[in-house]
Structure formats: C-alpha cells, structure tokens
Amino acid sequence: QVQLVESGGGLVQAGDSLRLSCAASGRAFSELAMGWFRQAPGKEREFVAAISGTGGSTYYADSVKGRFTLSRHNAKRTVYLQMNALKPEDTAVYYCAADPGLSPVARDYEYDYWGQGTQVTVSS
C-alpha cells in the first residue's frame with residue numbers, strides 16, 4: 001500500500017507560481033513512477049505530468065510543457081510540481097498518483113494509488 005498526501009494548493013493570480021508537493025509513505029518510493037493529474041469542474045480528469053522512479057525521465061502534457069516542472073527527492077519520498085506562469089485554465093483539483101511501474105505514463109488507469117487532491121485556483 002502507498003499513501004499519498006498533496007499540499008501546496010491555493011488561490012493565485014494569473015502569471016503567479018505555485019509549488020505542489022506530494023509526500024508518499026508505504027512501499028519503496030524509488031520503485032514508483034509518480035504522476036500528477038487534474039480535474040476541473042464539469043470536466044474529465046486529465047494528465048499533467050509524470051516522472052520515473054529514478055527521476056531521470058519526465059513527461060508533460062502539451063498544455064503545461066514549458067511552464068510546469070516535475071521533480072522528486074527520493075530520500076524525502078516527495079515529488080514536487082513547480083507551476084509557473086499560471087493561467088485561469090489551470091484551475092482544478094490536482095491529484096498525485098503512484099504507479100508501481102518505473103516509467104512515467106499518462107494513462108490514469110496505470111496508477112494504483114491516489115491522493116485526496118489539492119485545489120488550485122487561478123484568477124484572471
């Protein structure tokens with residue numbers, strides 16, 4: 001079992017930055033690929049970014065590429081999603097997820113464990 005706890009969400013203005021964190025407990029952290037997904041009101045959950053177990057490989061949705069950076073600190077069992085140049089369309093609940101596979105993937109059904117989510121609201 002893996003438990004995931006997200007933090008760092010909040011209300012910001014367009015153009016601002018936020019850093020989300022996801023702390024994991026349970027199985028060996030370096031054996032988990034980690035991903036972030038988001039869900040806006042009335043919309044389906046969508047992929048944001050993913051990172052391999054070693055941190056050597058990352059994968060981003062086109063909508064956030066160049067603005068968001070995903071990293072991980074395996075000793076701290078934490079992943080970080082640095083979000084810059086935020087836009088109102090980034091407003092959503094952001095979910096951290098863990099995949100026992102080692103490669104970063106965008107398919108949500110690949111992820112076995114999910115956090116409770118953290119709200120990000122970007123005002124125009």
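Listed by chain and number, the residues in a ring-ring contact (aromatic ring centres under 6.0 Å, His included) with Tyr59 are Phe47 (sequence neighbours excluded). By the side chain to side chain contact (heavy atoms under 4.5 Å, CB included) test, Ala14 is found to be paired with Pro88, Val122, residues two or more places apart in sequence or in another chain being considered. The side chain to side chain donor-acceptor pair (under 3.5 Å) check on Gln39 picks up nothing, with sequence neighbours excluded. For Ser57, the side chain to side chain contact (heavy atoms under 4.5 Å, CB included) test picks out Ser52, Pro104, with sequence neighbours left out. For the side chain to side chain donor-acceptor pair (under 3.5 Å) test, residues two or more places apart in sequence or in another chain that qualify with Asp108 are Arg45.
With values rounded to the nearest 0.5 angstrom, Gln3 atom CD is found 4.0 Å from Ser25 atom OG. A distance of 9.5 Å separates CG of Asn84 from CG of Leu18, quoted to the nearest 0.5 Å. Interatomic distance, CZ of Arg72 versus CZ of Arg77, reported as 10.0 Å (0.5 Å rounding). With values rounded to the nearest 0.5 angstrom, Gln13 atom CD is found 5.0 Å from Ser123 atom OG. Atom OG1 of residue Thr69 and atom CD1 of residue Ile51 lie 10.0 Å apart, to the nearest 0.5 angstrom. Rounded to the nearest 0.5 Å, atoms SG (Cys96) and CE (Met34) are 3.5 Å apart.
Residue pairs that meet the ring pair (Phe, Tyr, Trp, His ring centres under 6.0 Å) test with at least one member in residues 92-111, sequence neighbours left out, are Phe37-Tyr111.
Closest non-hydrogen pair, Leu32 versus Pro100, comes out as CD2-CA, 3.8 Å.
Contact annotation: the side chain of Leu81 approaches that of Val48 to within less than 4.5 Å [non-hydrogen atoms, C-beta and beyond]. By the 4.5 Å heavy-atom criterion applied to side chains, Trp36 and Val79 are counted as neighbours.
Under 4.0 Å is where a charged nitrogen must lie from a carboxylate oxygen, and between Lys65 and Asp62 at least one such pair does.
The hydrophobic cluster containing Val12 also contains Met83, counting ILVMFWY residues as joined when their side-chain heavy atoms lie under 4.5 angstrom apart, directly or transitively.
Side-chain atoms of Thr78 come within 3.5 Å of backbone N or O of Lys76 as a donor-acceptor pair.
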Show your reasoning for whether side chain to side chain donor-acceptor pair (under 3.5 Å) applies to Thr121 and Gln119. CA-CA 6 Å; Thr121 303; Gln119 177 71 47; 3.3 Å; yes
